[in-house]
Amino acid sequence: MLDKNFNPKSFEKNFSFDIEASRRKADGDPFMVLLPPPNVTGSLHVGHALCFTLQDILARYKRLKGYDVLFQPGLDHAGIVTQLLVEKQLYDRGAEKGSVSREALLKEIWFWKESSACAVIEQLKTLGISCDFSRLRFTLDEGSKRAVAKLFVKLYNDNLIYRGERMVNWDPQIRSAISDLEVVEKEVDAQQWYIKYRLEDSNDAIVVATTRPETIFGDVAIAVNPRDRRHKKFIGKNAYVPLIDRLIPIVADEYADSKKGSGAVKITPAHDFNDFEVGKRHRLPIINIMNDRGELNGAVPEIFQYMDRFEARRVVVDFIEKKGQLVKVENIKHMAPFGDRSGAMLEPLITNQWFLDAARLAIPALEVVRNGQVVFSPKHWENIYFEWLNDIKPWCISRQIWWGHQIPAWYGPDGQLFVAETAEEATQKAVNFYGKNSVELVQDNDVLDTWFSSGMWPFIVLGWPQNSEEFERLYSNMMVVTGFDIIFFWVARMIMMGIYATGKVPFKNVYIHALVRDEKGRKMSKSKGNVIDPLVLCEAYGADAVRYTLASMSSPGRDIKMNQKSIEIGRNFLTKLWNAVRFAQINSCLYCSEFDVNSVKHPLGQWIVQKIKTMILDVEVAVENYRFDEAIRLIQQCVWNSFCDWYMELIKPILQSDSLVVAKNCSTNSSVQNTLLKKDIRDVTGWAILQLVRVLYPFTPFIAKKLSGELEVTDMSWPDAAAIDIDGSDSLRCIGRLQEAITSIRSMRQCLGVSPSEKLEISVESASQELIDVVAEYGDAFSRMAGVSVVRDIAGQSIPLVVDSGIIHVGFGDRIDVVEEKKRLNEIKKKFVQIKAESQKKLRNKNFLSKASADVVQEHNDRVKTLNERITQLDHAIKSLELI
RNA sequence: GGGCGCAUAGCUCAGCGGUAGAGCACUACGUUGACAUCGUAGUGGUCGUAGGUUCGAUUCCUACUGCGCCCACCA
């Protein structure tokens, strides 16, 4: 028997994670969900909780449906983030910066990774994410390493990977290159200095505006716009770079914008992406003045050497000012690039890096989305995908850090490059190349961008490059659920690399879920302190409630604004469900396996069976369309409204009374009939609860498991709605009549301020035979729910209550205010007349009749007819009031 | 500068070419044997603005306004 109090902690913790249940089934159609591997660094946020919950709903739903489901878990080594984190821990423990060797650091990270991985998995389990944890993979495990090396070599041999000196975004804090995607632009307060560059052979000077005066040592030209009259005279002349008096040419280039700054721009090809291009066009030299720490290097005058870039900026400005070459300073706001991980201001820097020719891989990746082989939901994310891939730049894949896949490239003593899957292979190549017996090779120090291995994840986890049966079965049959922020980072790369490596798309469906924001709609971030920890929510409300609420708020194309209190939506619903099942238990409504739902004869039973059948079918559609919000709404409505508010209230008299009014046409021994009826209702109720629990299982697995256990049912399969075949239309109409009558009486009671404890007399003599029958059949429930006793003749005065099926007379003793009551009825009539008039107007419109669909015309005809009846009844009721 | 999304009840959001919905909040009443994490009944909306298409527009189209986001630009 269930406890009186619903306490999720009492059972959620008790369910040790069921690995068996999360394993694949041999039969069934294949379906795979690829969990976006969370960073091994740590704690999951609500966004993860949402993302994983939605995937888990899909995985569990498909399992119940009989699919062969693989829900593949994994962890990402998250190169830069993890290395920074562990380094910081080491420094915090007293290690000196720069003193830790590569081997020592890697050892430390591997050690730390073990415990962190466990913590992440525990969080997944707490949320009830039913991955097959026996198959847990890590993006830096041996299998991943082999696959990465293999693909790298293949790409290299196909000239899709190359090494070269290019300008990249450089993070001076991490001291590594990063990819364009890892650059975040932020608006910053800055200053713009106007500096005089003296001209050669003249006392004249040209004024150049710059926000980066420290880079003047790398200046190789000044560019002006050829159509800029102010500067035309300077073109072809030379100017002296301040402080160092190096002569540089003044060139004409469209890049110079006469509206910006002074109209003349200094060209520093080594430290600006645009200047680099201008430099190439004019064959200008490249002078690199910065080292990898963002300090000025040996190419600058000695006093500036090893000076930090920001310090150098101040000093340079100071010197220029003293020399009288500073014209003015402006305070401006402008966008500057920062590293998304370190937060440091980035430097464009020319370095030797490895690049992937993404543009070539993008061609088929674009095609598969265009032709519908891969479908995004919601659809509009495809535009974002196209936009990025259409203009994709070479991807810088090398990082100057240690934690990651070390690049499978080796150098000979003379710098000769050998790219191979293993050191042995590389050595063999070198031996052949040099014609010697042995060669000492040095492996490239760099590691690959973390997203390189992430992009290979769909086939890595399926054992690529081995072409297993599993791979054949599941690859291309998977589903990816993720946030829009990693469409470029991850989704696009999985498609590109998947097609390249295997010739097939890794998945057909990508569902992009909402972004979880705080209650004010701000993005959650540690610095704002508005982060909600899903574990805290699970602790407070239970994991089911968290899952339920997140799913209910997950409507497409809209971000989720949430606060902790919103989890009450789920908690309250589950409490209601819990109590409903408790009620069933108290009344011995258990699931009976011999029970045949199609044999249900009692209208109440037919009614709830019908409601549940419809709900199941609708939920199926909703889930298949990733409308998790819709699914939750449907379930909640069925459970709370149909099952609890109506069905359970209506069956109470049958279950609880020994002397119930015998159903119509039951002429034989009434106690025998009672017992049969009770048994019938109990069976239906037990059956109904089991269906509700099964439908809820994908969404709220813990409570579903607990409740199905209470019903002594272990088999969890999705209810087969198609097998439910009863004609419940009469029951639906009949219970509908009952509902309307009860609601109307309750409403009138409230309106007249009659205490709920006071029984009212009603008479249904003027109603249709159908309503008379229904009231007779459900007399007890009716009396109880409406707080009335049904009589033939009302003792005192009565008010006519007009419902769909006729007039119910309600006795109100001497409380009746005839004038008020007439007014009320007239208001209702007025509304009906108005609606009727609208329909009639349409029906008089020839265009409407000829152009509107037959259904709609019929609907309006029916409406007019129904309203006529009700208006007649209202008139009748008003007239009867006048007789009082 | 280019693009995308959103605008519906006090709040959070569904919906939809044919009589505007839910949850929360609010008001009134209520602890009748599943449930106060509850029940019953209510209050509350010219569906952002202006045009257009249509027999009919909250729904489709266009423009505009406001909010949010992505990409690009960075002297």
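In what follows, chains carry the letters A, B, and so on, assigned in the order in which the sequence lines appear, proteins first and then strands, with residues in each chain numbered from 1.
Across all strands shown, A:E519 has no heavy atoms under 4.0 Å from either base or sugar-phosphate atoms. Base engagement by A:K842 is indicated by at least one non-hydrogen atom pair under 4.0 Å involving a base atom. No engagement by A:R749 is indicated, since no non-hydrogen atom pair under 4.0 Å with the nucleic acid exists. Contacts of A:M562 with the nucleic acid, taken as non-hydrogen atoms under 4.0 Å apart, are absent. Residue-level contact check: A:R844 touches neither bases nor backbone, having no heavy atom under 4.0 Å from any strand. Across all strands shown, A:E568 has no heavy atoms under 4.0 Å from either base or sugar-phosphate atoms. Within 4.0 Å of A:D855, counting heavy atoms only, lies no atom of the nucleic acid at all. Using a 4.0 Å heavy-atom criterion, one finds that A:C644 contacts the bases of the nucleic acid, with or without backbone contacts as well. Here A:W193 lies out of heavy-atom contact (under 4.0 Å) with every strand. If you check every strand for non-hydrogen atoms under 4.0 Å, A:D485 touches nothing. Within the nucleic acid shown, A:T743 comes within 4.0 Å of sugar-phosphate atoms alone, with no base atom in reach, counting heavy atoms only. Among the heavy atoms of the strands, none lies under 4.0 Å from A:A223.
Between the side chain of A:Q192 and the main chain of A:T210, no donor-acceptor pair closer than 3.5 Å is present. Formation of a donor-acceptor pair under 3.5 Å by the A:R844 side chain with backbone atoms of A:S839 is not found in this model.
Between the side chain of A:R746 and the base of B:rU40, no donor-acceptor pair under 3.5 Å is found. Residue-to-nucleotide contacts include a donor-acceptor pair under 3.5 Å from the side chain of A:E649 to the base of B:rA34. Between the side chain of A:K576 and the base of B:rA36, no donor-acceptor pair of N or O atoms lies under 3.5 Å.
The line from CD1 of A:I742 to CD of A:E649 is 9.5 Å long, rounded to the nearest 0.5 Å. Taking OG1 of A:T575 as the start and CD1 of A:I703 as the end, the distance is 7.5 Å to the nearest 0.5 Å. The NE2 atom of A:H231 sits 9.5 Å away from the CD1 atom of A:I222 when rounded to the nearest 0.5 Å.
Considering only the side chain of A:K561, B:rU12 comes nearest among B:rU12, B:rC38, B:rG15. Distances from the side chain of A:Q750 to the nucleotides B:rC29, B:rG18, B:rC35 place B:rC29 closest. Checked against B:rA34, B:rC70, B:rU37, the side chain of A:N572 finds its nearest nucleotide in B:rU37.
Pair check for B:rU19 finds none; no Watson-Crick or G-U wobble contact set falls under 3.5 Å. For B:rC26, the paired nucleotide is B:rG42, the pair qualifying as Watson-Crick or G-U wobble because both relevant distances are below 3.5 Å. A 3.5 Å limit on both hydrogen-bonding distances identifies B:rU62 as the Watson-Crick or G-U partner of B:rA50. Across all strands shown, B:rA36 forms no Watson-Crick or G-U wobble pair with both distances under 3.5 Å. Remark: B:rG1 base-pairs with B:rC71; criterion is Watson-Crick or G-U wobble with both hydrogen-bond distances under 3.5 Å.
If A:Q636 and A:S747 are placed on RNA chain B by their nearest nucleotide, the residue sitting closer to the 5' end is A:Q636.
Only one option out of A:K576, A:Q637, A:M648 pairs with A:F643 in a side-chain contact (heavy atoms from CB on, under 4.5 Å); it is A:M648.
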